[in-house]
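First comes the structure, then the notes that go with it.
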Protein chains: 4
Amino acid sequence: MFIKIDINSDVPIYIQIKNEIVGLIAKGELKEGDKLPPVRKLAADLGINLHTVNKAYNILRQEGFISFNKKKGTIVLGRNINKASESEKEKLKGILRTVVSEYYCKNFSREDIKEIVDQLYDELENKILV
Amino acid sequence: MFIKIDINSDVPIYIQIKNEIVGLIAKGELKEGDKLPPVRKLAADLGINLHTVNKAYNILRQEGFISFNKKKGTIVLGRNINKASESEKEKLKGILRTVVSEYYCKNFSREDIKEIVDQLYDELENKILV
Amino acid sequence: MFIKIDINSDVPIYIQIKNEIVGLIAKGELKEGDKLPPVRKLAADLGINLHTVNKAYNILRQEGFISFNKKKGTIVLGRNINKASESEKEKLKGILRTVVSEYYCKNFSREDIKEIVDQLYDELENKILV
Amino acid sequence: MFIKIDINSDVPIYIQIKNEIVGLIAKGELKEGDKLPPVRKLAADLGINLHTVNKAYNILRQEGFISFNKKKGTIVLGRNINKASESEKEKLKGILRTVVSEYYCKNFSREDIKEIVDQLYDELENKILV
DNA sequence: GTGGTCTAGACCACA
DNA sequence: GTGGTCTAGACCACG
């Protein structure tokens with residue numbers, strides 16, 4: 001498992017870890033049933049404190065991506081089926097509204113943005129096909 | 001000028017102000033040459049600290065949306081023409097990568113996301129037509 | 001005897017086992033004199049550690065639900081008659097106080113809660129009638 | 001604000017704090033807009049670490065009871081209107097199922113339990129009337 | 001002056 | 001050996 005963090009980023013480390021792991025799940029590099037490294041090991045590998053990793057794992061659990069299993073440690077629950085709910089959609093719209101407003105001002109057309117979205121989906125789906 | 005902030009949000013107020021003003025520029029409610037309210041006035045209107053508004057204005061200037069002018073005060077530079085640069089595109093792609101990964105895991109299709117982008121662009125462009 | 005445990009639950013497995021067995025006694029599916037499966041067998045059936053089952057059985061014995069008997073193994077003592085003591089009542093009140101406070105805040109009326117209690121009693125008593 | 005914790009309880013301290021504060025909101029001793037003590041102050045008053053209080057506050061925020069406000073600190077949002085949702089009802093039923101099973105075995109009738117629920121509601125509602 | 005983040009290090013419950 | 005809890009103490013972002 002390859003997780004990269006930028007210790008100097010203004011994005012909190014535990015958020016970076018969360019995002020990286022969600023990214024790995026999206027790309028299919030982490031699949032349902034896969035084990036995540038123990039908090040202590042990942043913390044040691046990344047050279048950070050175990051509590052920081054712990055916080056990331058707990059958020060991932062809250063969001064339904066992973067589960068703690070006393071016997072097996074931390075396991076991936078996989079992509080969540082049937083979660084495209086209305087409330088999630090509204091949340092996403094709120095996020096995109098800010099992004100779209102800013103990049104609309106920077107002269108990006110709707111096609112520019114949709115092309116990037118397509119590229120990102122292509123990346124994800126090709127990974128799975130391999 | 002109507003700016004709404006949510007004092008209880010976990011988004012910092014100065015970021016909210018920045019986003020709101022960018023949103024107004026995107027919608028065309030603030031156009032090139034328009035004056036922004038003085039820092040003190042906006043702070044008073046919103047019931048917040050003067051430094052908070054100042055911080056938002058400084059970011060907006062750094063990003064090229066506004067300009068400080070001793071005679072005229074703070075003025076809007078408007079939508080920036082020809083800024084859809086390669087570096088901005090990479091920055092946007094980085095932002096969208098995190099968003100797309102997460103919502104791909106939540107079972108949103110590329111069409112779901114592109115539809116939202118379209119809706120947001122429609123909102124912006126209709127405002128301008130008015 | 002059907003015991004279901006959820007290995008991913010945050011409720012410890014030994015507590016789940018205890019609760020399940022108490023539930024079976026309540027429903028009348030386990031009656032006074034019935035034999036519980038040997039620790040090793042239940043552990044094997046559930047695919048868990050022997051010590052975990054042992055811990056559950058020990059708690060059940062402490063609370064007076066079962067008894068260890070060298071000849072007959074582990075036997076159910078059944079529903080305990082005349083145990084609605086004042087101290088148990090206070091203990092129950094303490095438990096319910098936390099629950100009621102929380103769900104009162106979540107806008108549940110006393111009738112809402114009492115209706116659920118009735119449903120649960122109906123479930124238990126119908127099982128016995130069968 | 002009077003919060004009592006039992007440092008020797010097997011209930012985690014942060015859960016005790018959460019429960020106590022929910023209890024105060026239920027009793028009406030904490031109302032919408034009221035300020036909660038700063039984490040450091042409450043921690044000092046209780047003789048515990050600030051992180052423990054912090055954890056309790058964060059859970060309360062997640063559950064919608066309080067909000068962090070950079071200007072005013074931590075404020076109570078009050079009893080949550082319209083939250084008697086179906087999913088909450090199922091969660092409550094799960095909690096009560098375990099309780100009811102156990103106390104049914106201990107010879108508590110449905111009336112015994114419903115009487116306690118009534119007493120607890122009386123306590124809460126009388127507090128509000130005062 | 002508030003909560004947020006991060007570190008360092010301890011002991012415990014569970015399986 | 002896993003994550004959970006708690007402590008102690010530091011610096012930072014925000015307002």
Side-chain angles (χ1 to χ4, degrees), chain A residues 5 7 9-17 35-44 46-58 60-61 66-75, chain B residues 5 7-17 43 46-56, chain C residues 5 7-17 43 46-56, chain D residues 5 7 9-17 35-44 46-58 60-61 66-75:
Chain A
I5 59 169
I7 213 76
S9 165
D10 51 347
V11 178
I13 297 174
Y14 72 92
I15 297 285
Q16 292 183 50
I17 295 173
K35 267 190 66 176
L36 247 45
V39 284
R40 283 167 178 76
K41 181 173 188 315
L42 184 52
L46 295 174
I48 59 174
N49 191 279
L50 106 186
H51 290 114
T52 307
V53 177
N54 205 356
K55 196 163 181 179
Y57 277 23
N58 271 298
L60 287 165
R61 180 179 57 168
I66 65 175
S67 170
F68 297 147
N69 182 309
K70 288 275 160 62
K71 221 195 316 197
K72 299 186 231 162
T74 304
I75 57 168
Chain B
I5 59 171
I7 205 77
N8 289 327
S9 165
D10 46 352
V11 179
I13 295 174
Y14 75 95
I15 297 286
Q16 292 184 52
I17 295 173
L46 295 173
I48 59 175
N49 193 296
L50 175 149
H51 298 98
T52 307
V53 177
N54 215 351
K55 201 164 181 176
Chain C
I5 59 170
I7 205 76
N8 290 325
S9 164
D10 47 350
V11 179
I13 295 175
Y14 76 94
I15 298 284
Q16 291 184 52
I17 295 174
L46 295 174
I48 58 175
N49 194 294
L50 176 150
H51 299 99
T52 309
V53 177
N54 214 350
K55 199 164 179 177
Chain D
I5 59 170
I7 212 77
S9 165
D10 50 348
V11 179
I13 298 174
Y14 72 92
I15 297 286
Q16 293 184 50
I17 295 173
K35 267 190 66 177
L36 248 42
V39 283
R40 284 167 177 79
K41 182 173 188 312
L42 183 54
L46 295 174
I48 60 174
N49 191 280
L50 108 184
H51 291 114
T52 307
V53 177
N54 205 356
K55 196 164 181 177
Y57 277 24
N58 270 298
L60 287 165
R61 181 179 57 167
I66 66 175
S67 169
F68 297 147
N69 181 308
K70 288 273 160 59
K71 219 190 324 195
K72 298 187 231 161
T74 304
I75 57 167

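Order of the sequence lines fixes the chain letters, A, B, ..., with proteins taken first and strands second; residue numbering starts at 1 for each chain. Basis for what follows: all heavy atoms, side chains included, without hydrogens, waters or symmetry-related copies. All values reported here derive from a predicted model rather than from experimental measurement.
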Notebook entry, point to check: In Å and rounded to the nearest 0.5 Å, what is the CG to CZ distance from D:Leu36 to D:Phe68?
Noted result: 8.5 Å
Note to self: Let me spell it out: for each of B:Asn49 and D:Gly47, pick the nucleotide of DNA chain F with the closest heavy atom. Which residue's pick is nearer the 5' end?
What the structure shows: D:Gly47
Next item on the list: Would you kindly compare D:Phe68 and A:Ile7 by the position of their nearest DNA chain E nucleotide and give the one closer to the 5′ end?
Entry: D:Phe68
Notebook entry, point to check: Reckon D:Lys72 touches a base, only the sugar-phosphate, or nothing at all at heavy-atom distances under 4.0 Å?
Noted result: nothing
Next item on the list: Please tell me which of B:Lys55 and A:Asn54 maps to the more 5' nucleotide of DNA chain F, matching each residue to the nucleotide holding its nearest heavy atom.
Entry: A:Asn54
Note to self: Testing the basics here: between D:Lys72 and D:Ile75, what is the closest heavy-atom pair and its distance to 0.1 Å?
What the structure shows: CB-CG2, 4.2 Å
Checklist line | First of D:Lys35 and A:Leu50 reached from the 5' end of DNA chain E, by closest nucleotide | finding: D:Lys35
Next item on the list: Not counting sequence neighbours, which residues clear side-chain hydrogen bond (donor to acceptor under 3.5 Å, both in side chains) with A:Ser67? List them please.
Entry: C:Asn8
Notebook entry, point to check: How is A:Ile48 classified with respect to the nucleic acid when contacts are heavy atoms under 4.0 Å: base, sugar-phosphate, or nothing?
Noted result: sugar-phosphate
Next item on the list: List the atom of C:Leu50, the atom of C:Ala43, and the distance in Å for their closest heavy-atom pair.
Entry: CA-CB, 3.8 Å
Check: What nucleic acid atoms does C:Ile13 come within less than 4.0 Å of, heavy atoms only: base, sugar-phosphate, or nothing?
Finding: sugar-phosphate
Notebook entry, point to check: Roughly, in whole Å, what's the span from NZ in D:Lys70 to C1' in F:dG15?
Noted result: 8 Å
Item checked: A:Lys71 versus C:Ile7, closest heavy-atom pair with distance -> CE-CD1, 4.3 Å
Check: Of the non-hydrogen atoms in D:Tyr14 and D:Thr52, which two are nearest, and what is the gap between them?
Finding: CB-O, 3.5 Å
Notebook entry, point to check: What is the distance from atom CG of D:Asn54 to atom CG of D:Leu42, rounded to the nearest 0.5 Å?
Noted result: 11.0 Å
Next item on the list: Rounded off to whole Å, could you give me the OH-to-P distance for the B:Tyr14 and F:dG15 pair?
Entry: 7 Å
Notebook entry, point to check: Based on Watson-Crick and G-U pairs with both distances under 3.5 Å, what dot-bracket line describes DNA chain F 5' to 3', crossing pairs as [ ] and inter-strand pairs as |?
Noted result: ||||||||||||||.
Next item on the list: Go through the steps for A:Val53 and A:Ile17 under the test side chain to side chain contact (heavy atoms under 4.5 Å, CB included), then give the verdict.
Entry: CA-CA 7 Å; A:Val53 177; A:Ile17 295 173; 4.1 Å; yes
Note to self: Using a 4.0 Å cut-off to any heavy atom of chain D, which nucleotides of DNA chain E are the first and last in contact, reading 5' to 3'?
What the structure shows: E:dT2 to E:dC6
Margin query: Quick check for you: to the nearest 0.5 Å, what is the distance between D:Ile66 atom CD1 and D:Leu60 atom CG?
Written below: 4.5 Å
